[in-house]
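Predicted model only: the values in this text are computed from it and were never measured. Here is how names work: the chains are called A, B, and so on, in the same order as the sequence lines, proteins then strands, and each is numbered from 1.
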Amino acid sequence: MSVRHPRWKKIHAVVRRIPKGRVATYGQVASLAGMAGHARQVGYALHALDDEDAVPWQRVVNARGEVSPRSDPGWDQIQRQLLEREGIHFDLRGRIDLDRFGWKHHARS
DNA sequence: TTTATGGCTGTCA
DNA sequence: ATGACAGCCATAA
């Protein structure tokens, strides 16, 4: 309760409603947050979120379906472990099948 | 106020 | 399929 109307808070809310066992892309989160096209800010927002926000930032991946190489090396592995622990499967290249684990409003087959 | 950064995305070779 | 370049814009100093 310090800032006034940060867009990040909206982003945190969107990320927070990502279902477990599902991943969303930065672009998708941005779109749901009302900032379609500002995917970059989404990643930055997740980088600056508070630990008490309980935001499953790990469920947010880039458009390629893989974790992004953030500033602090090592967290990319942690993110991968967290996702695997939620039931998300990575391929041999460390990529996720967005067609299956991607958070979509419209299930298929 | 301006400047610099950045967990991205889309297009081109 | 991957690798490289430019663009967009919010937040922090």
Side-chain angles (χ1 to χ4, degrees):
Chain A
M1 314 22 164
S2 334
V3 292
R4 302 181 173 112
H5 296 277
R7 297 282 175 219
W8 294 359
K9 190 173 171 85
K10 187 64 178 293
I11 295 172
H12 298 166
V14 173
V15 175
R16 199 176 300 165
R17 38 189 222 195
I18 297 175
K20 181 180 178 182
R22 246 348 108 84
V23 295
T25 64
Y26 294 99
Q28 176 150 13
V29 173
S31 183
L32 293 173
M35 307 169 51
H38 303 178
R40 211 170 191 175
Q41 288 336 43
V42 175
Y44 202 49
L46 294 179
H47 181 222
L49 63 78
D50 298 308
D51 301 310
E52 299 180 354
D53 285 333
V55 176
W57 57 272
Q58 58 244 37
R59 293 179 192 154
V60 185
V61 298
N62 62 22
R64 292 180 178 173
E66 58 175 275
V67 303
S68 289
R70 62 204 157 312
S71 308
D72 300 312
W75 277 91
D76 57 310
Q77 285 186 332
I78 294 175
Q79 179 171 3
R80 178 169 167 175
Q81 279 187 15
L82 289 170
L83 292 176
E84 289 184 317
R85 193 168 72 179
E86 301 209 344
I88 296 174
H89 171 67
F90 285 73
D91 69 11
L92 298 178
R93 289 218 330 315
R95 303 211 303 206
I96 304 169
D97 184 354
L98 292 178
D99 190 46
R100 274 175 41 183
F101 299 103
W103 182 31
K104 49 190 125 186
H105 314 133
H106 196 38
R108 56 179 291 291
S109 310

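Judged by distance alone, with hydrogens and angles left aside, the side-chain atoms of Q79(A) form a donor-acceptor pair with the main-chain N or O of V60(A) at under 3.5 Å. Side-chain atoms of D99(A) do not come within 3.5 Å of backbone N or O of G102(A) as any donor-acceptor pair. Of the possible donor and acceptor atoms, one in the side chain of Q28(A) sits under 3.5 Å from a partner among the backbone N and O of W103(A).
Taken together, the paired segments of DNA chain B that extend over three or more consecutive Watson-Crick or G-U pairs, each closer than 3.5 Å at both contacts, are B:2-6 with C:9-13, B:8-13 with C:2-7.
Here F90(A) contributes atom CZ and L83(A) contributes atom CG; the two are 4.5 Å apart, rounded to the nearest 0.5 Å.
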Across nucleotides 6-13 of chain B, 5' to 3', mark each nucleotide with B, S or - according to how protein heavy atoms within less than 4.0 Å reach it. BBBS----
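M35(A) and V61(A) fall into different hydrophobic clusters, defined by Ile, Leu, Val, Met, Phe, Trp and Tyr side-chain heavy atoms under 4.5 Å apart, directly or through other members. I78(A) and L46(A) fall within a single hydrophobic cluster, where Ile, Leu, Val, Met, Phe, Trp and Tyr are joined by side-chain heavy atoms under 4.5 Å apart, directly or via other members.
Residue R95(A) is classed as a sugar-phosphate contact, given heavy-atom separations below 4.0 Å to backbone atoms only.
Take E86(A) and apply the side chain to side chain donor-acceptor pair (under 3.5 Å) test, not counting sequence neighbours, and it matches R59(A).
More than 12 non-hydrogen atoms from other residues, nucleotides or ligands lie less than 6.0 angstrom from CZ of R17(A).
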